[in-house]
Amino acid sequence: MAKYTTESIRAVALVGHGGAGKTSLAEALLFKAGAISAKGAVEKGSTVCDFDAQEKSAGHSLNSALVNFAAEGVHVHLIDTPGYPDFAGQAVAALAGVDTAIVVINAQTGIELATERMMRAAQARGLARMIVVNKIDADNLDLPALVGDIRERFGKECLLLDLPAHGSKDVVEVLEHDAGDADFDSVAHAHRELIDQLVEEDESLLAQYLDDGKDPSAADLHAPFEKALRAGHLVPILFTSARTGAGVAELLHVLASLAPNPAEGNP
C-alpha cells in the first residue's frame, strides 16, 4: 500500500439536496480512480456508500459515508452526505472534517433547499467551494438558465471551469483552452472570464498580463487559482454525468490538483 504524507491528503465532502446524484458521483469517482472495478447503482442497492439495508430500501443516503482513493499522486478522503432535510445535520457536521465542499446540483431540478443551506454553511466555515452540476445527460435541460441562477444567487465569483460539449457526452476544460466546441456559452468567453479573475490574485502576474496581453501559463495560474478558491473569490462550476462518466475525469483531476488547506483556515 502506498504511503502518503499529510501534504498529499485531500479531504472533500459531497453535499447538496437529495436526488442530486451525490452517491452516484462518488461511485463514478471511485471507478475512474480505479478503486472499484465496476460502478454500482443506487436503484440496485449496489453502491459503496449506501451500504446500509435501510438506505438500499429507501433508495437514498441516510448517513454520511467515508471513502478514499488515490489519484495522480494524492490520496482523497471523500464524504458522501445525505441531502434530504431530515438528515441535514450529518451533512453540516461533515464540513468540520474537510477543507473543500463540493455542492452537487441536479441539472433537472436546479437550486434547491439544501443547495443554498450547504453553500452558506461551507462559506461560514471558510471552506473552498465548488459547484458540480450533475445529470447533464438528462432530457429537457436549460443549463444556461441554471448557470444564470447560480450566479444570481451565489455571486459573480461562480465561474465556469468546464463546459458540456458534444451533446453533454463530454466536457471541455476552459482554463487551458481558449477555443473549442461547447453546448452553450463560448469556451473563449469562459476562458477569458476565468483568466481575468485569476490574474487579479497576483499583482506581478496582473502587471505582466496587462503589459504583454498574453495568457499566463497553467503553471503560473495554479497558485492564483488556489488563492482565489480558498479566499472565496472563485467558486468553480463543473459539469458531470455520474451515469455516463462525462466530466468525471475532469473533476477527479481538479480534486487531485488542489493544494491542502492550511490548518488554521479550517476551524
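Because the structure is predicted, anything quoted here is derived from the model rather than measured. Along the sequence shown, residues carry numbers from 1. Reckoned from all heavy atoms, side chains included, excluding hydrogens, waters and symmetry mates.
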| Going through the checks in order, is the side-chain contact (heavy atoms from CB on, under 4.5 Å) test met by M119 and I131? | CA-CA 9 Å; M119 284 289 286; I131 293 173; 4.0 Å; yes
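- By the 4.5 Å heavy-atom criterion applied to side chains, D80 and V67 are not counted as neighbours.
- Within 6.0 Å of atom CG in D181, 12 or fewer heavy atoms from other residues, nucleotides or ligands are found, so the atom counts as exposed in its surroundings.
- Using modelled atom types, one finds a donor on one side chain and an acceptor on the other under 3.5 Å when comparing E72 with H253.
- The closest donor-acceptor contact from the side chain of H177 to the backbone of E173 lies under 3.5 Å.
- The number of heavy atoms from other shown groups lying within 6.0 Å of CZ (R117) does not exceed 12.
- Closest approach of A11 and V98 over heavy atoms only: O-CB, 3.4 Å.
- Ion pair R10/D99 not flagged as a salt bridge, since none of the NZ, NE, NH1 or NH2 atoms sits closer than 4.0 Å to an Asp/Glu carboxylate oxygen.
- Between S24 and T47 there is no side-chain heavy-atom pair separated by less than 4.5 Å.
- Shortest non-hydrogen contact noted between F225 and L198 is CA-CD2, 3.6 Å.
- Between the K32 side chain and the V248 main chain, no donor and acceptor come within less than 3.5 Å of each other.
- The shortest heavy-atom contact between K22 and G16 is NZ-O, 3.1 Å.
- Under a 3.5 Å cut-off, the side chain of T100 and the backbone N or O of V12 do not form any donor-acceptor pair.
- For E27 (side chain) and G40 (main-chain N/O), a donor-acceptor pair under 3.5 Å exists by modelled atom type.
- Taking both residues in full, the closest heavy atoms of G73 and S8 are given as O-CB, 4.0 Å, listed atom of the first, atom of the second, then distance.
- A donor-acceptor distance shorter than 3.5 angstrom exists from the side chain of K135 to the backbone of G19, with no hydrogens or angles considered.
- Judged by distance alone, the side chain of D170 and the main-chain N or O of A246 form no donor-acceptor pair under 3.5 Å.
- In terms of modelled atom types and a separation under 3.5 Å, the side chain of D162 and the main chain of V171 share no donor-acceptor contact.
- With no hydrogens or angles considered, a side-chain donor-acceptor pair links H75 and N68 at under 3.5 Å.
- Annotation: the span from R151 atom CZ to L160 atom CG amounts to 5.0 Å, rounded to 0.5 Å.
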